[in-house]
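Data first, discussion second: the structure below is written as structure tokens.
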Amino acid sequence: MIKLVNIGYGNVVAAARIVAVVSADSAPMKRLKDDARQAGKLVDATQGRRTRSILVTDTDHVILSALSAETIAERLEQGPPPHHDP
């Protein structure tokens, strides 16, 4: 079973593919975002909101999220939600 992590506004990412979750405020992260855009590997999951964190995957995709890096890290640390059979 693939563990998915919610990165905000109904967007999810496969947790096992995430290499790093970083704050989007620094100049190197802005360069990383620009480089990924030029390479066609940028995924904008902010739904038009301000980018607060950047996720880097093992496939070199860069994913923008409107949630903070701390919030995403907390969600990654949590186990999967309990499964309820009807």
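Linking Ile, Leu, Val, Met, Phe, Trp and Tyr whenever their side-chain heavy atoms come within less than 4.5 Å puts L64 and V22 in one cluster.
Proximity of L55 to I7: side-chain heavy atoms (C-beta onward) are separated by under 4.5 Å at one or more points.
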Going by atom type alone, with no hydrogens or angles, which donor-acceptor pairs under 3.5 Å involve a side-chain atom of residues 26-43 and a protein atom two or more places apart or on another chain?
unit_1 : atom_1 : unit_2 : atom_2 : d
S26    : OG     : M29    : N      : 3.4
K41    : NZ     : T59    : O      : 2.9

key: Full working for side chain to side chain contact (heavy atoms under 4.5 Å, CB included) between V12 and V5   = CA-CA 5 Å; V12 294; V5 61; over 6 Å; no
ask   = Can you list the steps and then say if Q47 with N11 is a side chain to side chain contact (heavy atoms under 4.5 Å, CB included)?
value = CA-CA 9 Å; Q47 303 298 112; N11 299 300; 3.4 Å; yes
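Shown here are the side-chain hydrogen bond (donor to acceptor under 3.5 Å, both in side chains) partners of T51, two or more places apart in sequence or in another chain: there are none.
In this structure, R50 pairs ionically with D25, as a charged nitrogen and a carboxylate oxygen lie closer than 4.0 Å.
The two residues R49 and A66 make their nearest non-hydrogen contact at CB-CB, 3.9 Å. Of all the heavy atoms in K3 and R75, the pair that sits closest is NZ-O, 4.1 Å. Here the closest non-hydrogen pair linking L67 and S53 is O-OG, 2.7 Å.
Considering CD1 of I54 and OG of S65, their distance stands at 10.0 Å, rounded to 0.5 Å.
The salt bridge (charged side-chain N to carboxylate O under 4.0 Å, His left out) pairs that include a residue from residues 52-74 are R17-D58, where partners are two or more places apart or lie in different chains.
The one candidate from I72, L76, I18 that meets the side-chain contact (heavy atoms from CB on, under 4.5 Å) condition with V13 is I18.
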